[in-house]
Structure formats: C-alpha cells, structure tokens
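Below you'll find the structure, written out as structure tokens, and then a few comments.
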2 protein chains.
Amino acid sequence: MADRLVRTKGFNAFSYKDIAAPLDVKNAAIHYHFPAKSDLGIGVIDNEITKFAASTAKWKKLPEDEQLVKLFDVFRKHNHAGNICLMGSLATDYETLSPEMQQRVHQMGSSILQWLTNCLEQGRKNKRIHFKGTAEARALMIMSNLQSSLLLSRVLGPAAFKKIAAQLLADLC
Amino acid sequence: MADRLVRTKGFNAFSYKDIAAPLDVKNAAIHYHFPAKSDLGIGVIDNEITKFAASTAKWKKLPEDEQLVKLFDVFRKHNHAGNICLMGSLATDYETLSPEMQQRVHQMGSSILQWLTNCLEQGRKNKRIHFKGTAEARALMIMSNLQSSLLLSRVLGPAAFKKIAAQLLADLC
DNA sequence: TTGCTTACTTACTACTAAGTAAGTATATTG
DNA sequence: CAATATACTTACTTAGTAGTAAGTAAGCAA
C-alpha cells in the first residue's frame with residue numbers, strides 16, 4: 001500500500017490520507033500504527049529488505065546466471081505494474097529523509113550491491129557470467145541500469161526497460 | 001536556483017519560499033515571474049534542454065569518443081556538487097507533474113537519447129567506440145547508468161559514480 | 001508631466017499536511 | 001465479571017502550501 005505509493009508518487013508526494021482513504025479508515029488510524037511519516041517509510045524499506053533477503057535465499061541453489069534472470073524478473077514485474085524501484089524513488093528524495101530512513105536506504109543499497117557482487121564473482125568463476133573489470137563495478141552498473149530503466153520507462157515508454165534488460169543480459173550471459 | 005532545488009530536494013519537496021528567501025524577496029515575487037509551480041518546472045526543463053543543445057553543438061567537431069567524455073564530465077561535475085540529474089529527479093515525480101511538464105520531460109529524454117544514439121552510431125563507424133547490439137539500446141544503457149550513478153552516489157557514497165563512469169568508458173573506448 | 005510598465009510588497013484565501021488528545025467499541029484475559 | 005489492551009473515531013492544532021488581489025515605488029516613453 002504505502003510501498004506502491006512511494007513507487008508511484010514518491011515519498012514526499014503522498015499523504016496519510018492516500019493510505020487511509022482506500023482502506024476506509026481515518027487519517028489518525030494510520031498514525032496509530034505509524035506515529036510519524038518516517039516510521040511509515042522505515043516500514044516500507046524494512047519490508048523490502050526482508051523480501052529481498054527471502055528471495056535471494058530461495059534462489060541460492062540456482063546457477064548464477066539464472067539468479068540474475070530472477071532478479072531481472074522482479075524488475076520486469078515492477079515495470080509492468082508502472083512502479084519504479086524503491087532505491088530509485090528514495091534516492092531522489094534522500095536529502096529530505098530522516099536520518100533513520102537514510103540509514104535504511106543505505107542498508108538496502110548495500111545489501112543489494114553485496115549480493116549482486118557476490119553473484120557476479122561466483123558466476124565468473126563458474127564461467128556462467130562474463131564481464132570485464134571488477135565484480136563490484138559491474139554490480140553497480142547493473143544496479144544502476146535496472147534502477148534507471150524503470151525511471152526511463154515511465155518517461156520514454158515501457159519498451160525502454162525491455163531494451164535495456166535484454167542488452168544487459170546478452171552482454172553478461 | 002530552482003534547478004539546484006529540483007536536483008537536491010526534488011520537485012515536490014521544495015516551495016516558493018525556498019526560492020524567494022535566499023533572494024531576499026517575498027513569495028509573491030516568484031509568483032509574478034512564474035504564476036504556477038508548473039511554470040517554474042517548465043522553466044527549469046527548458047533551460048536544461050537549451051543548455052544541452054548548446055553543449056552538444058559545441059562538441060560537434062570533436063571525435064565521438066571525446067564527445068562522450070564531455071558528456072560524462074557534465075555528470076562528474078553534478079556528482080561533485082551533490083546534484084542528481086534532472087531526468088532522474090523528474091522521472092521519479094513524473095506521475096505527479098502537470099501534463100505540460102510531463103511533455104517537456106519526455107522531450108528532454110528524447111533529445112538526449114537521440115543525440116547519444118547518433119553519437120554511438122557515428123563512433124562505431126569511425127571505430128572510436130565499440131559495443132554490441134543496437135546503438136539505441138546502448139544509448140539507453142549509458143543514459144540509465146549516468147542517471148543512476150548520481151542517485152547511487154548519494155546513497156552509497158560519491159565513489160559509486162566514479163566506478164561506474166570508469167568502467168563504462170573502459171567498456172566503450 | 002502624465003501615463004504606462006516592471007517588479008515587486010502586503011495581506012490575504014483556501015487548502016492540505018503531519019501530528020495529537022481524548023473518547024469509544026470490541027475483543028481478550030485473569 | 002472486571003480489567004485491560006487493541007484498533008480505531010472524532011475533533012482538533014499547528015504549520016506549511018500554492019496562489020491571488022490590491023497597492024506601490026521606480027524607471028521609461030511620448
């Protein structure tokens with residue numbers, strides 16, 4: 001719910017009302033569960049961190065190139081739903097977020113980067129993924145491509161994601 | 001002024017006051033020049049489109065790989081200043097923007113994509129730039145890498161931009 | 001000098017935001 | 001059954017937002 005709002009309108013462009021009204025409750029009911037808006041943001045991020053950890057754990061036994069495809073599929077679904085990625089949305093508003101939220105955003109970014117770096121490193125060892133340079137630089141590039149492909153899709157049309165994702169996978173596998 | 005605010009706080013997170021106060025004028029003075037906030041946004045985007053056109057025209061005589069480096073330098077400066085790219089910032093808030101602003105954001109994205117696609121195409125012909133796949137897909141990837149590298153730099157530290165930019169140039173040249 | 005334009009200020013409206021305090025219905029538990 | 005916790009509602013405060021209407025001071029133009 002709040003997740004969807006952050007991904008469509010941005011953290012600073014939605015209000016408690018936007019969450020309360022569709023649930024047919026009052027404004028204050030949301031304040032009961034999340035006293036400050038920052039608590040709402042933290043909830044959204046923590047939820048995402050947990051979901052990401054669960055997903056990657058589930059993929060653990062797969063070959064690295066297939067794990068990569070799984071990650072791409074997550075973004076493909078978001079593209080289809082008209083959502084952008086949480087990192088992308090919150091990075092834009094980063095300077096306006098509470099220190100607690102900033103810390104969580106950093107944590108979320110770090111864990112994605114760490115997982116992706118490790119995936120690429122192992123994939124290269126197993127000759128399933130091919131790239132030049134360090135695994136970390138390549139992980140940063142993939143993260144940034146996935147993130148911005150959703151942003152560009154919004155502005156230039158959803159084909160942008162498809163073109164980027166296809167080329168990215170072709171380059172690596 | 002407004003440009004800087006959009007690039008740091010985002011379009012929905014700054015107010016007329018943020019522009020008026022540093023100039024030591026009243027709120028209404030800004031409304032005199034830009035009646036609605038959308039007009040302010042349009043002013044910022046039009047300014048960027050003009051600046052981009054002027055820059056690329058100035059680079060026209062350079063070899064394509066050097067034109068690419070010039071583009072990277074623009075982003076490098078923004079990274080240094082703690083700014084994110086206009087496209088990135090406005091794409092996040094896209095759904096909340098007026099139709100007029102959305103149209104300008106689209107126009108800005110299209111012209112950057114068009115220029116970059118052409119630059120890559122010519123660069124490949126002249127054997128100065130090397131890549132697989134279509135020039136358009138590659139242009140989208142470069143755009144998205146530059147865009148998100150500024151976003152990730154904010155969250156993960158400014159080294160993120162440097163790593164992405166360096167690897168990207170190494171891949172292409 | 002009169003009239004007109006530019007670039008404001010003052011003072012406001014209408015609205016929306018986050019957040020809170022106090023009260024209430026319902027369910028759970030000792 | 002009484003006490004308590006949960007999940008709200010009602011009604012409010014405070015503070016900020018975009019935007020406007022009316023007035024004004026300075027400069028320029030015929």
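The sequence lines fix the lettering, A, B, ..., with proteins before strands; numbering per chain opens at 1.
In this structure, the CD1 atom of A:I30 is 14 Å from the P atom of C:dA17, given to the nearest Å. Nucleotide D:dA21 holds its P atom 21 Å from the NZ atom of B:K26, rounded to whole Å. For the pair B:K17 NZ and D:dG16 P, the interatomic distance rounds to 6 Å; values are reported in whole Å. One atom, CG of B:N27, and another, P of D:dA22, lie 19 Å apart when rounded to the nearest Å. The CZ-P distance, from A:F34 to C:dA18, rounds to 14 Å in whole Å. Residue B:N12 contributes atom CG, which lies 18 Å from atom P of D:dG16 at whole-angstrom precision.
Side-chain proximity of A:S15 to C:dA17, D:dA21, D:dT9: nearest is C:dA17. Here the side chain of B:A28 is nearest to one of C:dA11, C:dA18, C:dC8, namely C:dA11. Which of D:dA18, C:dG19, D:dA7 sits closest to the side chain of B:Y16 comes down to D:dA18. Comparing atom distances between the A:A29 side chain and each of D:dA18, D:dC8, C:dT9 picks out D:dC8 as nearest. Across D:dC8, C:dG19, C:dA7, the shortest atom-to-atom separation from the side chain of A:H31 is found for C:dG19.
At a non-hydrogen distance threshold of 4.0 Å, nothing from residues 38-47 of chain B comes into contact with DNA chain D.
Taken together through direct or relayed side-chain contacts under 4.5 Å among Ile, Leu, Val, Met, Phe, Trp and Tyr, A:M1 and A:Y32 form parts of separate hydrophobic clusters.
Atom NZ of residue B:K17 and atom NZ of residue B:K26 lie 12.5 Å apart, to the nearest 0.5 angstrom.
Under 3.5 Å, the side chains of A:S148 and B:S148 contain a donor-acceptor pair of N or O atoms. Between the side chains of B:Q167 and B:D171, a donor-acceptor pair is found at a separation under 3.5 Å.
Residue A:Y32 is the one, among A:Y32 and A:D24, whose nearest nucleotide of DNA chain D lies closer to the 5' end (criterion: closest heavy atom).
Checking A:R4, A:K9, A:K37 one by one against A:D18, the salt bridge (charged side-chain N to carboxylate O under 4.0 Å, His left out) holds for a single residue, A:K9.
Counting any heavy atom pair closer than 4.0 Å across all strands shown, B:K37 reaches sugar-phosphate atoms only and no base atom. A:F14 comes within 4.0 angstrom of sugar-phosphate atoms only, judged by non-hydrogen atoms across all strands, and of no base.
Between A:E64 and A:K125, none of the side-chain N atoms (NZ, or NE/NH1/NH2) sits under 4.0 Å from a carboxylate O, so this pair counts as no salt bridge.
At least one test fails for A:R76 against the ring of A:F161: distance under 6.0 Å to the centre or angle within 45° of the axis.
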